[in-house]
Every structure is written in structure tokens, then in C-alpha cells.
Amino acid sequence: MDDTDSSDSWDFQDEDGPCFSSNGSNSVIPSRGASMCGAEGSTSNQSRSNAISHFTEMGFAEDLVIKTVDEKGEENTEAILETLLAYTAPEECASRGEPVLSHPSSPEFEWDSFDDLSDFSDAESCLQNEENLEPVPETKMMQLVAMGFSIGEVSAAINSSDPDTSIADLMDYISAAQMAEPTSDHPRELPFEGRGTPDVKKKKLVKQEFQRGREIRAWRSSRKEEMEKRKRYLSPVEDDFIKIPQLMIGFGVPRHPRIGFKRKLPDVAIGPPYFYFENVALAPKGAWSSISRSLFNIEPEFVDSKYFCAAARKRGYIHNLPTDNRFPLLPIPPLTIAEALPLSSRWWPSWDVRKQFNCLLTCYGSALETERIRKDLEGWQGDPPEHIQKRVLNKCRKWNFVWTAKNSVAPLLPEEVELMLGYPRNHTRGGGTSQAERYKSLGNSFQVNTVAFHLSVLKNRFPNGISVLSLFSGIGGAEIALHQLGIPLRFVVAVEISEVSRNIFRGWWENTDQKGVLIDNITDVTMLTADKIEKLVDYCGEFDLVIGGSPCNNLTGSNRWHRDGLDGKQSVLFYDYCRILNTVKRLMREN
DNA sequence: AGGACTCGGATACGACTG
DNA sequence: CAGTCGTATCCGAGTCCT
């Protein structure tokens, strides 16, 4: 829908507040939740008071709302909203000689201090400021606009949906509309900030100022909103259109190519930038459907890393990379336990039929567990009875134990995990990293050879280097894959919350004498706002690749406590990946 | 119906530190 | 001696396959 077309109508409503619709004649009429009662002559006053209460409930100051409604006319709801948003920006208020109207959710930190990009760690203070703020009422309209959708898109979605439609469903609607061919009803339009007016530059700045507050509010409120989504995708009636394939070779792996495979990407998904998203394949039912819907309905590529190394690692990848002419890193790593750990073969009993390890996790078996196994096996001449074999084998499978002596098993060493996951030996060693932290950071990382196989198509496309926005960068699996492919890393912006992982990655960066620029002092993806992304783009140039695997804590079956799905405490950050990707795409469209 | 698999989390406890 | 840190030891369920 074109929001400038007077023949269109749009409405928006608060969760519990009144709602209006503006119809073709530009008159505001109560709709759905609002009362239709009252004398004909009082309609105008009713509309005015409805408008005032509506915008007041959005969180704007009442005196400002009254003034703006009277100034613009209660029927011009979009103009009122824009004016209110602009008024709230401190610079704008100051320029008008008016008092600064502080919005309860607009953190007061110094954005101008980022001029030279010398210190992105200020984001931390932003977060702390934000933590002390009270939540404010938020409309679906504002939230969706804050997520980067245009007013026209949001209006169309809201207007075409039931009042109870959740944010998630509205996002689905908008994504679907974006993917549809442009029509008079759904023209492909620039987002809110990009539409041109004579003083567009000034308005853009004002809106950006406010947008940072909106983004943070959207981030916070989205967690609540996602509860609805959770109910939906955990529901047995949810049509889970994405099935996890039994043969997990994605669009082809080196020894199992899919001859003649071609895929058609939706137009809206085609780069630049290229993007690459990763998470556990065996997520709760429906989670991958939600992920796919949020990422342009691209079909996930499910790949088990057992085709690339001696351990399983079942992961789903959603990306817009070409799939032709992929090539693996050489040399091909060992694909069996016997090849990977030849010294272990001597002690490997015939009844332990494992040829490959299970997924390399963050937790490892304890010494007590291995001691129990030793005691179970001692005292038998030859092979132990079948029930003992079975019990021991189950434990070995669960903890990925290896045989280190007669009747003796042990967990994999961190060095062995590093090699199987494709990292340099001792990649995670040093810097005060404990054994548990090494296991944890490795368990949360990419399998380098798998990712490199997918990224190999970039080698010929970026001979002079690549600019990477690496979210949830961890110990740098993506960058190591690119480096090993021989793709120079021109700029890398690595966002990672774990200090241990950041130190490990920086250590690798320095050890390999990288010639590019590494910016790694942004630690929290939720603080990577549109403003900062724009400053980064100004500094680094456009990003060629947005890559990241969002936290799987609440998706993996290993989590017995908080397998809460995409709205879980950590896994909800997936939506920040989408937000940031959409922002980068928008900036590249505008430039 | 039963087996197999899963980028985990909370808690207690002991070693270490200032 | 209190606080911090690292380790050990517990804790099932969702899902798919056979």
C-alpha cells in the first residue's frame, strides 16, 4: 500500500488503547475497539480526544500531543506521528528554542562522540543506562516502524489484519508483501527514513536520533511479543512446512553433490550484501519455519559436518550465497575417528562401533564418569557382557569419550576438538582461558570446513578483500574460514559478548598478521543500532557479508532447563540479526 | 514403542586470592 | 575470612528414526 495515496486507508492501535482508521476522505473514525456511539455533531470532538488519548498512550507528553493534534488536524495521524517523533529529538527541540522533551525510553548518551569510531565500547554504557529505564507503552505501528519497515508497509499489514494479530504475524505479512511483485497496492518503497522531501537531510537526522530509542524499545518489547510467537510455533497445529532432511547434505557436500541443483532466491533476498545465518538444525518444531520467515522465506540448507570432519554437527544455514562451483578447503580433514586419532585405535574395543563422534558440545564428561567405566570393564576376561558393552557405549556416545588405554576412556582434549572443528591447534589456548572456557567456546563455534565450503564461492568475487559484519562472532570461525580460503579480510566488525572469545579471536588476528582493520569493541548486538551501523558503513565502506550464528541455548535439545525456543533469553537475539541485516540492506539501497 | 541424539544450566563445593 | 573462580555433579524432554 502506498501511504501517500489518499484513496488508501490505514489504522493503528495500541494493545489496549483506542484505535482509529483514517479512510479515504481523511476523516478519522473510530474502528474496532473504539465506540461508535454519540451524536453526529460530537464526532469531531470525539475524534480529537481519541487522537489525543491515542498518542498520549504511545508515551508522548500530553501538552505536546494536544498542540500537535490541533496544529495538524486530528485526521492527519501520520503527520502527527512524524511531528511528535521529530519533536522528541533533543536537537530539534533546542533548535526551536523549546524545552527538550525527554522520552522515557530515549537513553541520554553521547552519540556524537562516535565521530571517529575510536571507541564503540560506549555501547556498554548505553546498555547500562537503558537497563535503568522503565518500559513505555508501545504500539505495533511504532514497533514495526522501529524495526525498519516503512509506515506504508506497516499500515497495509495492520489494516489487513485482525486487531489481535501479533507483531510476528504482521512481520510475516510485510515480508510476504515485500516478496510479492510490486503492485499498486504494495509498491516496493523505500523505508521511512529514505523517502525524499526537500529538507529530507534534516528530517533524516532527526528521525535517526529518535530511531535509536525506538530500536532499543523494539528490542525490549520484542521479547514480550515473541511469547505469542512461541505459543504459535510450539503448537502442534502449527504447519511446520520445513522438514529436517534425514540425509543432511544441504545443497550438496563434496562427496555427495546434488547434480543439477538450482535454487531461486526471492528478489528481496538477493544481495548485496551477502548474508549467512547459522543455528542448530534440531531446534524445536516450527523454529526453523519462523527463522526462514524472518529471513525472506529462504529455504534453510541443513548440513551435517560429519561430511567435513570426524564429528557430527547438524546445523541449518540460511544464506543468499551462490551455490555453484563451491570447493572445499584442502587438505580434507580426517573423516573418521581412526584417522583423526590414530593413537587411540590401539585401545579401541571391537564392540565400540563408533566411526565418528557425535556433536562436539560445550560440556564434557567428568573424571568420575570415566572412572565408573573403568570399573565396569575391569575384571572381565576378554570382552565384557553385552549389557555392560551397551551401557559403556552409550556413555561413550553421550560424552564423546576416546579410548586412551585398556579399559580406560577420556574426554577429547581441547586441541583435538580444535582440529576436528577446523581451527588451528591451540587456537583457544592462552590468554587466561580455562579448560571449561575452551570447551565452551569451541562447542559454540562454527565447523570451519563446512562454513568455508559455503563461503568458497566468494573467493573469485572478492579478490581484493572483503568487508565483514560478523555477529555473534565467537572465536572467529567465519573469519578463519575466509582466511583459509585466501580471501583477504579488509574490514571485520566482530560483535561478540564473551570477552574470552573476543580475546581468542584478537589473538588469532594478531598471530596471523592480518592487514585489514578489526573493530571488535562492540560487544552486544542489541546495541548495534542503525546509527552505529551507518557510522561503521561510513568508516569501512559497505559490508560485503553479514554473517553470524545466533545463540542456540534455547533451541538445542541439550538444554534441559530453558529450551524456550526463539523467544528464549539468548536465542531471541536472532531477531537482532534480522534487524541488523535489514538495516545494512536499507543503507545499501539508499547509497 | 523404544532407542538415539542434542552449539546446556543450576548448584554445591573446594581451591585460590587479597 | 569473605569473595571469586573453576570444577564436578546433578538435572529430562523434544524429536526423529527404526
Side-chain angles (χ1 to χ4, degrees), chain A residues 230 233-236 238 240 242-248 277-289 291 302-306 309 311-317 353-354 356-372 387 390-391 393-401 411-412 414 417-418 420-423 428 432-448 450-451 471-478 496-501 548-566 568-571 573-574:
Chain A
R230 178 190 176 190
Y233 73 67
L234 289 180
S235 161
E238 166 77 16
D240 183 21
I242 291 178
K243 299 293 177 196
I244 310 294
Q246 198 174 347
L247 183 65
M248 221 177 269
F277 171 81
E278 179 258 14
N279 214 314
V280 290
L282 306 180
K285 205 171 184 179
W288 272 104
S289 303
I291 292 170
F302 292 107
V303 181
D304 190 338
S305 292
K306 72 178 184 180
C309 68
R313 204 170 190 80
K314 298 180 178 68
R315 296 290 180 271
Y317 305 87
V353 293
R354 291 177 297 159
Q356 289 187 306
F357 291 110
N358 282 334
C359 186
L360 304 172
L361 304 174
T362 59
C363 299
Y364 282 76
S366 64
L368 189 65
E369 199 76 72
T370 60
E371 186 62 10
R372 286 194 201 114
H387 72 280
K390 194 172 179 181
R391 193 167 71 203
L393 190 50
N394 278 339
K395 290 286 183 189
C396 288
R397 282 188 169 129
K398 177 178 179 179
W399 295 112
N400 279 327
F401 285 141
L412 286 163
V417 179
E418 285 167 347
M420 265 183 276
L421 291 178
Y423 292 87
T428 59
T433 314
S434 72
Q435 187 100 329
E437 286 168 335
R438 292 183 73 182
Y439 282 129
K440 188 170 184 180
S441 59
L442 285 162
N444 286 322
S445 65
F446 285 158
Q447 204 287 330
V448 170
T450 311
V451 173
L471 306 173
F472 318 102
S473 56
I475 57 176
E496 169 56 44
I497 195 86
S498 160
E499 188 180 355
V500 168
S501 295
S550 65
C552 66
N553 310 36
N554 312 116
L555 302 180
T556 173
S558 305
N559 189 343
R560 299 171 178 180
W561 291 79
H562 301 289
R563 198 186 188 193
D564 300 329
L566 275 180
K569 189 178 173 186
Q570 289 88 19
S571 296
L573 295 174
F574 159 71

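What you see is a predicted model, and the numbers here were worked out from it, not measured in a lab. Below, read A as the first sequence line, B as the second, and so on, with proteins coming before strands; counting in each chain starts at 1.
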In whole Å, what separates the P atom of dA12(B) from that of dG12(C)? 16 Å

How far, in whole Å, is dC7(B) from dC17(C) if one measures between their P atoms?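 The same atom, P, in both gives a distance of 16 Å.
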
Would you tabulate the pairs of protein nitrogen or oxygen atoms and nucleotide nitrogen or oxygen atoms of nucleotides 1-7 of chain B closer than 3.5 angstrom?
residue : atom : partner   : partner atom : Å
dT6(B)  : OP1  : Cys359(A) : N            : 3.1
dT6(B)  : O3'  : Thr556(A) : OG1          : 3.0
dT6(B)  : O2   : Gly557(A) : O            : 3.1
dT6(B)  : O2   : Ser558(A) : N            : 3.4
dC7(B)  : OP1  : Thr556(A) : OG1          : 2.8
dC7(B)  : OP2  : Arg315(A) : NH1          : 3.1
dC7(B)  : O4'  : Arg315(A) : NH2          : 2.9
dC7(B)  : O2   : Arg315(A) : NE           : 2.6
dC7(B)  : O2   : Arg315(A) : NH2          : 2.4
dC7(B)  : N4   : Glu278(A) : OE1          : 3.2
dC7(B)  : N4   : Ser550(A) : O            : 3.0

Spatial distance of atom [atom1] ([X]) from atom [atom2] ([Y]) [nearest 0.5 Å]:
X         : Y         : atom1 : atom2 : value
Tyr439(A) : Leu360(A) : OH    : CG    : 10.5 Å
Gln570(A) : Asn554(A) : CD    : CG    : 5.0 Å
Trp399(A) : Ser366(A) : CH2   : OG    : 7.0 Å
His562(A) : Ser571(A) : NE2   : OG    : 12.0 Å

For atom CD of Glu499(A), is the number of surrounding heavy atoms from other residues, nucleotides or ligands below 6.0 Å larger than 12? no

More 5' along DNA chain C: Ala367(A) or Ile244(A), using each one's nearest nucleotide?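 Taking each residue's closest nucleotide, the earlier one in sequence belongs to Ala367(A).
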
Polar pairs (N or O, both sides) under 3.5 Å between protein and nucleotides 3-6 of chain C?
none

Treating Asn444(A) as the side-chain partner and Thr362(A) as the backbone partner, does any N or O pair qualify as donor plus acceptor under 3.5 Å? no

Are the side chain of Asp304(A) and the backbone of Ala312(A) linked by a donor-acceptor contact shorter than 3.5 Å?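 The answer is no, because no donor-acceptor pair under 3.5 Å joins these two groups.
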
If we only count heavy atoms from C-beta on, is the Asn279(A) to Trp288(A) side-chain gap below 4.5 Å?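 Side-chain contact under 4.5 Å: yes.
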
Pairwise side-chain contact, Gln447(A) with Cys359(A), heavy-atom cut-off 4.5 Å (strictly under):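 The answer is no; the side chains never approach within 4.5 Å.
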
d([atom1], [X]; [atom2], [N]) in whole Å:
X         : N       : atom1 : atom2 : value
His562(A) : dG12(C) : NE2   : C1'   : 13 Å
Phe302(A) : dT15(C) : CZ    : C1'   : 13 Å
Leu368(A) : dC11(C) : CG    : P     : 13 Å
Asp564(A) : dA13(C) : CG    : P     : 14 Å

In DNA chain B, consecutive runs of at least three Watson-Crick or G-U pairs below 3.5 Å, as range with range, amount to B:1-6 with C:13-18, B:8-18 with C:1-11

Just by distance, no angles: are the side chains of Thr450(A) and Ser305(A) close enough, under 3.5 Å, to form a donor-acceptor pair?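 Side chains of Thr450(A) and Ser305(A): pair found under 3.5 Å.
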
Phosphate OP1/OP2 of dT18(C) contacted by Gln246(A) side-chain N/O (<4.0 Å): yes

SB check Lys440(A) Glu437(A) (cutoff 4.0 Å): no

